[in-house]
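First comes the structure, then the notes that go with it.
Both backbone and side-chain heavy atoms feed into the values below; hydrogens, waters and symmetry mates do not.
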Amino acid sequence: MIGYVLIGIAILLGTVILLYQAYGFGLSKGKIIQNGLVFVSSAPSGGDVYVNGQLKGTTSTRLLLESGNYTFKIQSPGYRTWQRSVVVDGGSVERIDYPFLFHTHLTTKIVSAYTANPPLVTQSLDRRWVLIEQPTTFGNFDIYDLSNPKNPAIGETIPAGLLTPASGAQSLSLIQWANDNTHVLLEHIFNGTYEYILFNRQDPTQSVNLTKVLEITPTSTLTLQNEEFDHYFVYDSKTTVLGTVDLSNTLVVPMLQYVISYKTYGSDMVLYATTQNAPAGKTQIMLYQGGKSYPIRTVTTDSTYLLDLTQYNGTWYVAVGAQSENKIYVYQDPVSVLQNNIKEVLVPIDILAVNKPTQLDFSPSASLIMAENTNSFAVHDIRYDKDYRYTVSKTFDIGQAHATWLGIGQLTYVSNGSLVAFDYDGTNLQTLQPAEANYTPLFDPSDKFVYIMAQQPATAKTVAYPALTSTTL
């Protein structure tokens, strides 16, 4: 009996110890403590990881730390130091997988020089292809392949007769790239009106004047459906009807009515604002999914609504707000809640407070949601349910519309004639290369190089000129 009791006690103690370890518990100086697990990685990898000044290994590494406050630092020869304060919670798992290490001394070279500022510079979704409209010849493009940066640009032209002739000034602007990274939807603005052109960078002769082919009305706007080059959403601002159309069947199929602002996802999800059935002075934000509309939130009627939606780890996230309310409301999987009771009042998982936000955007990994007004930011980290609100010390240059994402956790914009970058929580602010505020930075697929339009200084032999430059990050 004594033997059985001892065996039982041993099994019980072993089970308790395993459970304690599973939940991060341990012993330190005779006291029970709870540890947290921290994974640390960086781009590039191999940097030394210091925790409170002590070397703990190199990225990528896994650290078991007692719950508490720590200062993490990543150092690598030839690169700038990355540093951040981290709170480790007992029993938690934290992944610091976004640090980007910039070279101490950045090397910049001119890829191509122009005699004037190019009217249009745009990059494909896979970040491989860059189209630059030649400043002296309307409708002519230089096409760069960033996977082979040593190769010269290929010149292509919108076919003659495709565009409606203009009697005065005209311009081209980007609407959207297709997911085949070959077709790009452009808006041709001319004679006080506009038309839509589907440009094929690989074979320009296959380009299409969509306004003529689809018989789009002058009050209609066109966007790609599910980022496919031959399927489209059509919105008529006069009738406030949102519909779909494709190149195989040019008949517009109505989807929603009374739409005043919208954001689409995939082929049939629409987050939209409508005054239908809304109280006076209010606007209803609705989510259309699976052929049915669900009420998300009632907001103050405004001239600007901020709407975005995405899917992260199989869960839907929706962000909505009216600019004048100075708040963005973030919801998790709202349809699953409303399917059982359409009258259920949704509770946001977070509220991003920004004064008159002008930009709302999920990160490329969809794990971060950012609301912004110039250099003031509010960011929600979906993975760890954490919020960050801050104002970056660097002000926006005139012409800079909003910040853009770099990698999985950095934001960039142009300030005082240079590109700046910082982590999503506002830390590790870096000044990079000279840049023009009117152009979005172009990162290659590996995030090792950034391409930007920059004004080159005049010399004894040349005048100041804009150039496409490449910097090794």
Side-chain angles (χ1 to χ4, degrees), residues 221 223 225-226 233 235 237 240-244 254-363 366-373 378-383 385-387 389:
T221 55
T223 55
Q225 184 181 16
N226 199 29
F233 287 106
Y235 174 67
S237 60
T240 65
V241 172
L242 179 68
T244 60
M255 175 182 286
L256 294 167
Q257 292 181 309
Y258 310 108
V259 176
I260 56 177
S261 181
Y262 68 97
K263 177 78 174 185
T264 63
Y265 189 100
S267 60
D268 61 354
M269 286 189 66
V270 184
L271 184 63
Y272 66 100
T274 179
T275 55
Q276 186 184 28
N277 300 326
K282 297 292 184 178
T283 296
Q284 185 70 49
I285 308 298
M286 307 287 290
L287 177 61
Y288 179 84
Q289 183 179 2
K292 185 176 181 180
S293 289
Y294 299 89
I296 301 299
R297 186 175 189 87
T298 300
V299 298
T300 302
T301 298
D302 203 336
S303 60
T304 302
Y305 301 96
L306 294 103
L307 311 171
D308 207 355
L309 68 162
T310 194
Q311 193 175 37
Y312 176 68
N313 278 352
T315 301
W316 289 102
Y317 291 88
V318 173
V320 304
Q323 188 180 65
S324 60
E325 291 187 344
N326 305 323
K327 295 177 182 178
I328 300 295
Y329 300 88
V330 182
Y331 298 92
Q332 178 180 312
D333 214 3
V335 171
S336 65
V337 176
L338 297 174
Q339 276 179 334
N340 298 326
N341 183 4
I342 197 70
K343 295 183 179 180
E344 181 84 16
V345 178
L346 290 176
V347 178
I349 62 170
D350 193 34
I351 300 176
L352 301 177
V354 175
N355 185 42
K356 297 189 181 303
T358 57
Q359 179 72 5
L360 178 65
D361 196 16
F362 282 93
S363 65
S367 63
L368 302 166
I369 173 68
M370 174 269 289
E372 168 202 0
N373 181 348
V379 178
H380 177 69
D381 187 340
I382 293 174
R383 295 173 300 176
D385 192 25
K386 292 182 180 180
D387 294 328
R389 186 181 180 187

Can you tell if the side chain of [X] reaches within under 4.5 Å of the side chain of [Y], non-hydrogen atoms only?
X: Leu287; Y: Met269; answer: yes
X: Tyr258; Y: Val241; answer: no
X: Thr358; Y: Gln323; answer: yes
X: Tyr262; Y: Leu271; answer: no
X: Thr240; Y: Tyr235; answer: yes
X: Gln284; Y: Pro295; answer: yes
X: Lys327; Y: Leu352; answer: no
X: Lys263; Y: Val270; answer: no

Check [X] against [Y] and note the closest heavy-atom contact, atom names and distance.
X: Ile328; Y: Ala371; result: CG1-CB, 3.9 Å
X: Ser267; Y: Asn226; result: N-CB, 3.8 Å
X: Ala353; Y: Ala378; result: O-CB, 3.9 Å
X: Met286; Y: Thr274; result: CG-CG2, 3.8 Å
X: Thr298; Y: Lys282; result: CG2-CB, 3.6 Å
X: Tyr288; Y: Asp268; result: CD2-O, 3.4 Å

side-chain hydrogen bond (donor to acceptor under 3.5 Å, both in side chains): which pairs involve residues 336-346, sequence neighbours left out?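 Matches after skipping sequence neighbours: Asp333-Ser336.
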Keeping Glu325 on the side-chain end and Thr300 on the backbone end, is there a donor-acceptor pair under 3.5 Å?
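Confirmed, Glu325 side chain pairs with Thr300 backbone.
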Side-chain atoms of residues 303-312: list all donor-acceptor pairs with protein atoms under 3.5 Å, sequence neighbours left out, distances to 0.1 Å.
{"unit_1": "Tyr305", "atom_1": "OH", "unit_2": "Thr283", "atom_2": "OG1", "d": "2.8"}
{"unit_1": "Tyr305", "atom_1": "OH", "unit_2": "Asp302", "atom_2": "N", "d": "2.8"}
{"unit_1": "Tyr305", "atom_1": "OH", "unit_2": "Asp302", "atom_2": "O", "d": "3.1"}

Set of side-chain hydrogen bond (donor to acceptor under 3.5 Å, both in side chains) partners for Ser293, sequence neighbours left out: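 Checked Ser293 against side-chain hydrogen bond (donor to acceptor under 3.5 Å, both in side chains); matches are Tyr272.
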With sequence neighbours excluded, what pairs up with [X] under the salt bridge (charged side-chain N to carboxylate O under 4.0 Å, His left out) test?
X: Asp350; result: none
X: Arg383; result: Asp97, Asp381
X: Lys386; result: Glu94

key: Aromatic ring proximity, centroids under 6.0 angstrom, Trp316 and Tyr331   =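 No.
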### Task
Measure the spacing between OG of Ser363 and CE of Met370 and express it to the nearest 0.5 Å.
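Rounded to the nearest 0.5 Å, the OG-CE separation comes to 9.5 Å.
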Q: Any chance you could measure His380, atom NE2, to Leu368, atom CG, to the nearest 0.5 Å?
A: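 So the gap between those two atoms works out to 9.0 Å.
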Margin query: If you apply the rule side chain to side chain contact (heavy atoms under 4.5 Å, CB included), what do you find for Thr315 with Gln332, and how did you get there?
Written below: CA-CA 7 Å; Thr315 301; Gln332 178 180 312; 3.6 Å; yes
(request) Could you please spell out the steps behind the side chain to side chain contact (heavy atoms under 4.5 Å, CB included) verdict for Ile369 and Leu360? (result) CA-CA 7 Å; Ile369 173 68; Leu360 178 65; 3.5 Å; yes
